[in-house]
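Okay, structure first, notes after.
Fair warning: this is a prediction, and the values are worked out from it, not measured in the lab.
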Amino acid sequence: MTMSGCCLTNLWLVLDYVLPTLTQAPRFNLLAIVILSRGKCGLSTCTSRYLVAMATADLLSIVTQVILFRICYNYLLSIPPVCSVDIVLLRAATDFSVWFTVTFTLDRVVVICCQKLKTKYCTKRTAAVVVASTCIVLCLKNVPFYFAYEAVEIIDNAVWFCYPIPTYYTQPGWVGFDWFDTVLTPFLPFTYIVLLNILTVRHILVASRVRKGLRGQSKGENRSDPEMQSRKKSVILLFTISGSFILLWLVYVIEFLYYNMTGTNPRDYNNSEYIFKHVGWMLRNLSCCTNTFIYGATQSKFREQVTSMLKYPVTSIIQLINKQNN
């Protein structure tokens with residue numbers, strides 16, 4: 001790689017670490033796990049389990065992708081097979097983050113649109129089974145990545161730096177697996193999320209029309225309806241989630257289609273192509289930092305719990321001082 005290429009790589013490594021860190025994602029995800037596990041946000045146990053799973057997956061993704069793979073890469077994880085193990089972990093963590101979003105979206109659709117199915121599906125046992133099954137399937141799916149990487153440099157008689165094997169982009173079996181991996185994440189989740197959101201929005205709009213009719217509202221009236229305002233917020237939230245997912249995964253998908261349509265091996269990218277590829281990875285990593293924030297931070301009771309936890313050390317000290325003075 002040229003000197004300019006090395007500089008660009010180092011710049012990307014810095015951005016890939018700093019961007020998720022600036023969002024305070026690790027701290028927020030850890031805080032979300034603690035708060036949601038307490039069950040004091042006014043959410044059902046089923047919903048809380050999905051949100052805890054999402055927050056845990058996002059935290060695991062940040063740890064494997066940003067902390068382990070990026071920061072420790074030049075020290076320990078660049079030694080195969082340790083690097084291969086970390087790649088399997090980060091791939092699985094990314095899949096967890098995406099697919100737990102799908103399972104939670106499905107749970108919301110059942111709650112809003114399928115009242116008869118709600119009592120059977122929206123239970124803590126079902127949530128546990130869905131989360132566990134998703135983890136097992138995605139872990140098995142990512143095992144082949146352990147064999148997809150090899151050492152390419154030898155420094156001081158030691159093997160360093162693992163990259164995809166050359167046949168990964170040319171051999172039909174590996175090419176098929178690469179397509180399967182990308183279709184599974186993010187093509188299928190994107191499709192499911194869009195369809196489920198459309199179904200939910202359609203149900204909300206129909207219910208809103210019926211509610212307007214029952215309330216006897218005409219077009220000229222402008223009476224406030226708290227229920228309709230709540231539904232409007234739900235629609236905005238759904239579109240925010242879908243839009244965030246699409247935008248943050250778009251560059252990654254375009255890069256995938258680029259090297260498949262042009263037949264270009266990513267290991268032979270020039271500087272601009274290399275930057276485009278890693279910008280896609282960076283935005284994909286950022287996508288794993290936003291799910292819990294979008295779902296959790298918009299809930300008023302969740303924010304109340306965050307405020308309470310932040311104030312707890314101060315209030316405890318004040319109470320202790322007052323107790324000693326008395």
Side-chain angles (χ1 to χ4, degrees), residues 25 28-63 89 91-142 184-186 188-201 203-204 230 233-234 237-238 240-242 244-245 287-306 309:
F28 182 82
N29 285 323
L30 187 58
L31 183 64
I33 293 171
V34 174
I35 292 176
L36 293 170
S37 299
R38 297 174 63 191
K40 295 183 179 181
C41 296
L43 302 171
S44 65
T45 305
C46 175
T47 302
S48 297
R49 287 195 173 185
Y50 283 119
L51 286 172
V52 170
M54 288 171 56
T56 304
D58 291 346
L59 181 61
L60 180 61
S61 179
I62 296 169
V63 169
L89 291 176
R91 290 276 188 169
T94 302
D95 288 346
F96 293 161
S97 178
V98 173
W99 278 97
F100 286 157
T101 304
V102 177
T103 58
F104 177 71
T105 304
L106 178 61
D107 176 74
R108 292 295 86 201
V109 171
V110 173
V111 170
I112 297 174
C113 305
C114 309
Q115 294 299 318
K116 293 182 179 180
L117 184 61
K118 176 181 176 181
T119 55
K120 295 181 179 180
Y121 181 81
C122 301
T123 64
K124 60 181 181 180
R125 184 178 183 277
T126 301
V129 171
V130 170
V131 170
S133 301
T134 303
C135 288
I136 294 172
V137 171
L138 293 178
C139 284
L140 293 175
K141 168 257 178 184
N142 285 288
L184 194 66
T185 305
L188 275 182
F190 166 72
T191 303
Y192 287 150
I193 289 175
V194 170
L195 291 178
L196 292 174
N197 286 347
I198 290 174
L199 178 63
T200 305
V201 171
H203 179 85
I204 291 175
S230 176
K233 291 180 180 179
S234 298
L237 177 61
L238 289 172
T240 302
I241 295 165
S242 302
S244 172
F245 185 84
S287 175
C288 296
C289 306
T290 59
N291 292 333
T292 306
F293 177 80
I294 293 174
Y295 279 112
T298 54
Q299 304 297 318
S300 59
K301 291 187 178 180
F302 182 88
R303 293 194 298 271
E304 291 174 2
Q305 289 295 314
V306 172
M309 287 194 66

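- Summarising the geometry, atom SG belonging to C135 is positioned 11.0 Å from atom CG belonging to L140; distances are rounded to the nearest 0.5 Å.
- Below 30°, between 30° and 60°, or above 60°: for Y192 and W99 the angle between ring planes is above 60°, a perpendicular geometry.
- Distance check: R108 CZ to F104 CZ gives 5.0 Å after rounding to the nearest 0.5 Å.
- Closest approach of L196 and V102 over heavy atoms only: CD1-O, 4.4 Å.
- L138 contributes atom CG, which lies 10.5 Å from atom OG1 of T94 (distance to the nearest 0.5 angstrom).
- Summarising the local packing, OH of Y121 is surrounded by more than 12 heavy atoms from other residues, nucleotides or ligands at distances under 6.0 Å.
- Listed here is the closest heavy atom pair of A55 and I33: CB-CG1, 3.6 Å.
- Between the T56 side chain and the V52 main chain, a donor and an acceptor come within less than 3.5 Å of each other.
- From L106, atom CG reaches atom OG1 of T101 across 12.5 Å, with rounding to the nearest 0.5 Å.
- Counting heavy atoms from C-beta outward, T126 and K120 have side chains that stay 4.5 Å or more apart.
- Here L117 contributes atom CG and T119 contributes atom OG1; the two are 7.5 Å apart, rounded to the nearest 0.5 Å.
- Between V131 and R49, every side-chain heavy-atom pair lies at or beyond the 4.5 Å cut-off.
- Considering all non-hydrogen atoms of both residues, P186 and F245 come closest at CB-CZ, 3.8 Å.
- Nearest heavy-atom pair across V110 and C122 is CG1-SG, 3.8 Å.
- If you take CG on D107 and CG on L51, they are separated by 9.0 Å, rounding to the nearest 0.5 Å.
- With sequence neighbours left out, the side chain to side chain contact (heavy atoms under 4.5 Å, CB included) criterion links C139 to F96.
- For the pair V98/F190, no side-chain contact is recorded, criterion being any heavy-atom separation below 4.5 Å from C-beta on.
- Closest heavy-atom contact between C113 and T200: SG-CA, 3.9 Å.
- In this structure, S97 and D58 have side chains that are in contact, with non-hydrogen atoms separated by less than 4.5 Å.
- Using a 4.5 Å heavy-atom threshold, the side chains of D95 and K141 count as touching.
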